[in-house]
Amino acid sequence: MTESYRPGELEPAIREFWEAHDLDRAESGGGERFYCLSMFPYPSGKLHMGHMRNYTISDVISRYHRMQGHRVLQPMGWDAFGLPAENAAMANGVPPAKWTRDNIEHMRGQLQQLGFAIDWERELATCDPSYYRWNQWFFLRLLERGIAYKKTGTVNWDPVDQTVLANEQVIDGKGWRTGAPVEKREIPMYYLRITDYADELLESLDTLDGWPERVRTMQANWIGKSEGAEIAFACGLDTIKVFTTRPDTLMGATFMAVAAEHPLARQAAEGNPELAAFIAECQTGGVSEADIATQEKKGMDTGLKAVHPITGDELPVWVANYVLMAYGEGAIMAVPGHDERDFEFALKYGLPIRQVVSLPEGGEYDDRQWHDDYAVKGGHLVNSGRFDGLSWSEGFDAIVAELEKRGAGHARTQFRLRDWGISRQRYWGCPIPIIHCPDCGDVPVPDEDLPVVLPEELVPDGSGNPLNHCADFLDTPCPKCGAAAKRETDTMDTFVDSSWYFLRYTGPDNDRAMVDERADQWMPVDQYIGGIEHAILHLLYARFWTKLMRDEGLVQVDEPFKRLLTQGMVLAETYYREDESGRKTWYNPADVAVQRDGKGGINSAVLEADGQPVEPGGIEKMAKSKNNGVDPQALVDTYGADTVRLFSMFAAPPEQSLEWSEAGVEGAWRFLKRLHAGVQSHVAEGVLPGRRPDELGPAARELRTRLHETIGKVGDDMGRRQTFNTAIAAIMEFCNELQRFEADDEAARLLIQEAWESVVRLIAPVTPHLAEALWRDLGQDGSVFEGGWPRVDESALERAAVTVVVQVNGKVRGRVEVAPGADRDSVQAAAMADDNVVRHVEDKTVRKVILVPDKLLNIVVG
RNA sequence: GCCGGGGUGGCGGAACUGGUAGACGCGCCGGACUCAAAAUCCGGUUGCCGAAAGGCAGUGCGGGUUCGAUUCCCGCUCCCGGCACCA
């Protein structure tokens with residue numbers, strides 16, 4: 001009588017065993033160090049499927065490396081500051097600190113139930129003063145070095161709540177709570193000079209060969225290095241400076257456009273109420289680039305004239321809403337002939353459009369209809385006076401040289417990347433350690449007074465930062481002169497917190513330094529895993545911060561993350577009902593019963609609670625707004641952690657989005673039951689640990705070949721390719737073969753023992769609890785994670801014959817068995833013994849025969 | 001709008017360097033076991049034609065390169081991620 005698989009009993013017992021043997025500690029064990037890091041979670045309340053997936057990937061990689069004999073660090077912490085805690089506080093009246101810490105408690109318990117080999121002694125939370133004091137300390141160093149500086153920046157302003165809004169809180173140009181049209185407002189903020197590092201951040205992308213190409217491309221485009229020219233246009237007594245990537249088109253500049261915030265626009269508006277009104281109109285709406293880039297292009301003539309630096313022509317100066325103050329100089333020379341946005345604007349306002357570069361592919365230029373060819377770099381200059389006939393690149397150089405001669409411009413490199421504004425007008429964040437003194441100005445908090453501790457009992461109400469009304473925090477003597485002064489109430493962008501947490505994990509207990517020598521021992525992170533949505537901002541800031549810490553002499557690494565895996569999103573079906581006013585109520589998929597037709601399509605969906613129908617709303621990213629988050633906890637309770645882990649690794653490759661499916665979880669559960677039963681039935685006949693078979697019959701030899709092919713494939717999939725879905729598929733496939741195999745002698749039983757020992761080790765990174773239990777059932781001592789990774793026996797891979805596919809004109813017509821390495825003529829001869837092949841070849845002339853050795857033969861006839 | 005990625009059976013996906021399209025799993029169909037059901041086990045399952053052998057079509061759409069294209073190239077389309085204050 002064999003035991004059945006009961007994860008509810010098995011899993012906690014196995015976790016106790018791990019804990020008793022200290023298996024999850026990074027410092028335990030020997031071997032090379034391997035730092036496996038997952039993006040730490042925001043403690044939003046409950047673990048969601050995205051977390052589950054992220055940490056399972058990380059755990060599979062960690063355990064795989066542990067089995068390779070490495071000393072693995074897999075830490076965990078909490079990205080604990082941020083907006084959702086303030087929103088929860090407004091909704092429930094609970095201070096963000098309490099809400100956050102309660103969530104951490106709950107989520108830590110959930111993570112522990114999933115059996116992740118996390119070194120919990122290194123746990124950290126960014127809202128703890130012991131962590132954020134080092135944000136403050138380092139900020140002061142950056143201030144000393146001139147990397148941190150103060151200037152104004154544009155924010156979304158809700159005129160009713162009198163508060164700054166995050167981009168997320170601006171919906172269709174209106175405040176999310178008040179519905180009031182949002183305004184742009186200029187306020188003073190602290191910035192970090194990330195642009196000083198733009199070149200290095202761009203160039204060292206080339207060294208990151210363990211990163212996905214798409215992430216490197218996105219970062220390179222974000223940094224956006226472009227070679228061009230800075231050109232000065234005289235405008236009365238002022239000068240309008242512009243940057244252009246196409247100085248070769250200078251002779252086609254027909255007007256100038258400046259941002260609404262540009263000083264010249266302001267100046268021109270003083271005597272021009274119509275223009276002032278237009279500029280005010282430009283001040284409405286959100287500040288996000290997506291909003292600005294999609295809004296209708298609008299502009300107004302300022303009446304000012306700029307002088308073309310070469311022709312001396314007067315160009316009208318317009319204010320245009322598509323010119324960004326934050327990019328370049330806040331002004332452009334408009335070349336409608338060769339820039340799509342300028343073209344569209346010129347067409348709308350009847351401004352001249354002039355072709356100055358011929359089309360590279362020839363063809364007619366039509367100034368009523370834009371074609372993408374007009375912006376292509378190529379062709380030669382036309383309508384450009386003495387520059388006519390030069391190629392576009394010769395024209396580029398000649399015009400820049402001419403501008404330099406006249407003192408009106410020079411070649412320049414421009415980055416799209418802007419300096420990083422880190423000030424947030426919010427309570428639940430790391431206080432910026434500055435004191436404002438009426439006499440001394442902005443005074444840095446002295447190091448010995450750090451940390452500036454955030455009061456934790458405040459409850460924000462939506463109308464601004466409660467720190468502004470908290471006298472205990474606000475009032476403090478000036479460190480310089482001792483006079484009454486006020487603390488800065490802005491807090492830091494939470495991206496600051498997440499830009500160096502991976503360094504703190506290496507020495508979280510150090511209360512005298514930000515990091516110590518242990519950082520250099522563990523860094524760089526060997527494997528980083530996180531959502532693709534972080535491909536640009538977080539990863540760029542973390543790279544930047546690492547370089548800042550390097551330049552401060554705190555660490556030696558240039559780049560923090562050697563290898564990066566960007567996991568896809570977790571998606572789920574959405575369901576809703578619409579009321580008369582068109583307002584949608586979203587229902588959680590777990591509460592909806594779906595009837596499917598015979599072919600698998602959805603017939604009907606009803607809410608289980610009332611049996612009434614709900615509408616399917618499509619498959620979307622699991623999110624609160626659509627109420628389609630599936631709680632992993634319920635699944636863990638039903639099936640155990642191993643089943644949920646197995647499904648989430650099996651359902652899709654890690655980089656792709658994953659559609660949640662309860663039915664798929666059932667499949668994973670069935671496989672584990674079969675695996676358990678298979679091992680048990682072998683064990684029931686007696687275990688034979690450590691012995692290997694020799695003399696095997698043909699069927700057994702084939703099974704052993706398949707076993708060692710599987711070991712090779714799974715190792716490659718888990719290590720090099722990181723396609724855990726195909727690794728699991730290969731294990732399942734082999735198990736199917738193994739369970740069909742019947743042992744008829746001692747050697748075959750030894751093979752079955754070898755096979756189960758190998759299967760258990762191959763699956764161990766994915767389903768660690770079950771694997772650990774089965775390892776012991778197979779008569780092994782100690783932990784499966786200390787038992788090593790199975791080795792491929794090369795001699796088992798040799799086969800007597802291979803199957804070669806035979807094609808005629810590219811269509812499969814047969815298969816032949818030949819000796820490995822058989823040459824073209826002998827494979828062709830074998831193929832001509834196949835009736836079906838002969839039928840397609842006879843009566844025709846063989847024109848060509850192509851052999852892909854051991855795989856395919858294509859006979860081309862005609 | 002700009003940058004990046006994706007689209008393959010009823011569904012999730014596989015096919016790694018241009019070489020058998022659909023591995024593995026789900027679902028469905030049939031069968032075994034059972035008084036019955038569940039669980040489990042066995043078989044089938046891209047579509048069309050065919051009793052079968054086999055044939056034809058087929059990887060979002062339109063074209064191209066090649067003996068051979070899911071894979072490479074050109075054009076389109078739809079979906080997803082990011083766009084600097086969501087994290």
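Letters A, B, ... mirror the listed sequences (proteins, then strands); counts begin at 1.
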Enquirer: Would you please name every residue forming a ring-ring contact (aromatic ring centres under 6.0 Å, His included) with A:Trp222, sequence neighbours left out?
Expert: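 For A:Trp222, no residue satisfies ring-ring contact (aromatic ring centres under 6.0 Å, His included) once neighbours in sequence are set aside.
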Enquirer: Using only heavy-atom distances, decide whether a donor-acceptor pair under 3.5 angstrom links the side-chain of A:Arg720 to the base of B:rC16.
Expert: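 For A:Arg720, whose side chain was compared with the base of B:rC16, there is a donor-acceptor pair (under 3.5 Å).
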Enquirer: Could you work out which one of B:rG4, B:rG1, B:rC16 sits closest to the side chain of A:Ala293?
Expert: B:rG1
Enquirer: Partners of A:Glu709 by side-chain hydrogen bond (donor to acceptor under 3.5 Å, both in side chains), sequence neighbours excluded?
Expert: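 A:Glu709: side-chain hydrogen bond (donor to acceptor under 3.5 Å, both in side chains) contacts with A:Arg706, A:Arg799.
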Enquirer: Could you tell me how far apart A:Asn836 (CG) and B:rA52 (P) are, to the nearest whole angstrom?
Expert: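 Value for this atom pair: 16 Å.
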Enquirer: Heavy atoms only, 4.0 Å cut-off, all strands: where does A:Lys713 land among base, sugar-phosphate and nothing?
Expert: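 Counting heavy atoms under 4.0 Å across all strands, the contact made by A:Lys713 includes a base.
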Enquirer: Considering only nitrogen or oxygen atoms on both sides, find all protein atoms under 3.5 Å from nucleotides 18-23 of chain B and state each distance.
Expert:
residue: B:rG19; atom: N2; partner: A:Asn858; partner atom: ND2; Å: 3.3
residue: B:rU20; atom: O2; partner: A:Arg815; partner atom: NH2; Å: 2.2
residue: B:rA23; atom: O2'; partner: A:Glu733; partner atom: OE1; Å: 3.2
residue: B:rA23; atom: O2'; partner: A:Glu733; partner atom: OE2; Å: 3.0

Enquirer: At under 4.0 Å between heavy atoms, how does the protein contact nucleotides 82-87 of chain B? Give one character per nucleotide, 5' to 3', with B, S or -.
Expert: SBBBSB
Enquirer: Could you give the CG-to-P distance, from A:Asp373 to B:rG75, as a whole number of Å?
Expert: 10 Å
Enquirer: Just jot down the ring-ring contact (aromatic ring centres under 6.0 Å, His included) partners of A:Tyr42, sequence neighbours excluded, or say none.
Expert: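 Not a single residue meets the ring-ring contact (aromatic ring centres under 6.0 Å, His included) criterion with A:Tyr42.
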Enquirer: Atom CG of A:Asp717 and atom P of B:rA14: how far apart are they, to the nearest Å?
Expert: 11 Å
Enquirer: Report which part of the nucleic acid A:His51 touches: base, sugar-phosphate, or nothing (heavy-atom distance under 4.0 Å, all strands).
Expert: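 No contact.
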Enquirer: Pairs counted only when both distances fall under 3.5 Å, Watson-Crick or G-U: show me the 5' to 3' dot-bracket for RNA chain B, [ ] for pseudoknotted crossings and | for other-strand partners.
Expert: (((((((..(((......[....)))((((((.......))))))((((....))))..(((((..]....))))))))))))....
